[in-house]
Amino acid sequence: MNHSKVIHTDYYVISDDFRLLEFNQNVKERYKGIQRGDLCYQATMKRDTPCPHCPIAGNSRNDCTVYYDPFYRDWVEAVFAEIDDGKYAVTCHPAQGDALSIFQRLKIDTIPFAGNLLFSLESL
C-alpha cells in the first residue's frame with residue numbers, strides 16, 4: 001500500500017435546512033471560524049444559495065458528484081447520504097484515480113466559477 005499521499009476527508013452533518021450540525025477537525029481547520037448552526041453553503045463555499053451540485057437542495061440527481069472547488073483549488077469528490085430523517089452526512093475529498101484524470105484534462109483557467117460546473121460520477 002502506498003502511503004505517500006494522505007487524503008484528508010472533510011466530513012460534516014447538515015440538517016435539511018442546510019445548517020451544520022457537526023463536522024470533523026479537517027473542516028474546522030479548512031474553514032476558519034466555522035460554527036455549528038452556520039449554513040453549510042455560506043460557511044464552506046461563501047455562497048448565498050445552496051451549491052449547484054447539492055442533491056439535498058434538489059440541484060443534482062446523484063449522491064456523488066465531482067466539481068471544481070476554488071477553496072481546495074482542485075477537483076473534489078463529494079458524497080451525500082441521508083443518515084436520519086432530516087440529517088445528511090457529507091464527505092468531500094480531492095478527486096482521485098479515474099475521476100481526477102478525466103478532469104485534469106480540462107483547462108481550469110477557462111472555467112468561470114459560478115457554481116455551474118459539476119459532473120456526476122455516474123456519467124463518467
Does a side-chain heavy-atom distance below 4.5 Å link Y12 with R36? no

Would you say I34 ends up clustered with L21 if hydrophobic residues are merged whenever their side chains have heavy atoms under 4.5 Å apart, either directly or through other cluster members? no

Charged N-O contact under 4.0 Å between R30 and D10: yes

Is the shortest side-chain heavy-atom distance between V90 and V13 below 4.5 Å? no

So, the side chain of N62 versus the backbone of T65: is there a donor-acceptor pair under 3.5 Å, distance only? no

Side-chain contact test, heavy atoms from C-beta onward, threshold under 4.5 Å: evaluate it for V76 versus Y67 and give yes or no. yes

Do D74 and D69 touch side chain to side chain, with heavy atoms closer than 4.5 Å? no

Are any non-hydrogen side-chain atoms of C92 and E77 less than 4.5 angstrom apart? no

What closest approach, in Å, do D17 and L39 show between heavy atoms, and which atom pair accounts for it? O-CD2, 3.6 Å

Using a cut-off of 6.0 Å, state whether more than 12 heavy atoms not belonging to D84 lie near its atom CG. yes

Under the rule for side chain to side chain contact (heavy atoms under 4.5 Å, CB included), what residues qualify as partners of A57, not counting sequence neighbours? F18, P50, C54, N59

Nearest 0.5 Å, what's the CG-NZ distance between D48 and K46? 11.5 Å

Side chain of D38, backbone of A43: donor and acceptor closer than 3.5 Å? no

Spatial distance of atom NZ (K87) from atom CD1 (I56) [nearest 0.5 Å]: 13.5 Å

Taking C-beta and beyond as the side chain, do P52 and R47 meet within less than 4.5 Å on heavy atoms? yes

How long is the gap from OG1 on T91 to NE2 on H93, to the nearest 0.5 Å? 6.5 Å

d(D16 CG, E82 CD) to nearest 0.5 Å is 8.5 Å

Quick one: are Y88 and F80 in side-chain contact, heavy atoms under 4.5 Å? no

Once rounded to the nearest 0.5 Å, what's the spacing between atom CG of L20 and atom CD of Q42? 10.0 Å

Distance from M45 atom CE to C51 atom SG, nearest 0.5 Å? 5.0 Å

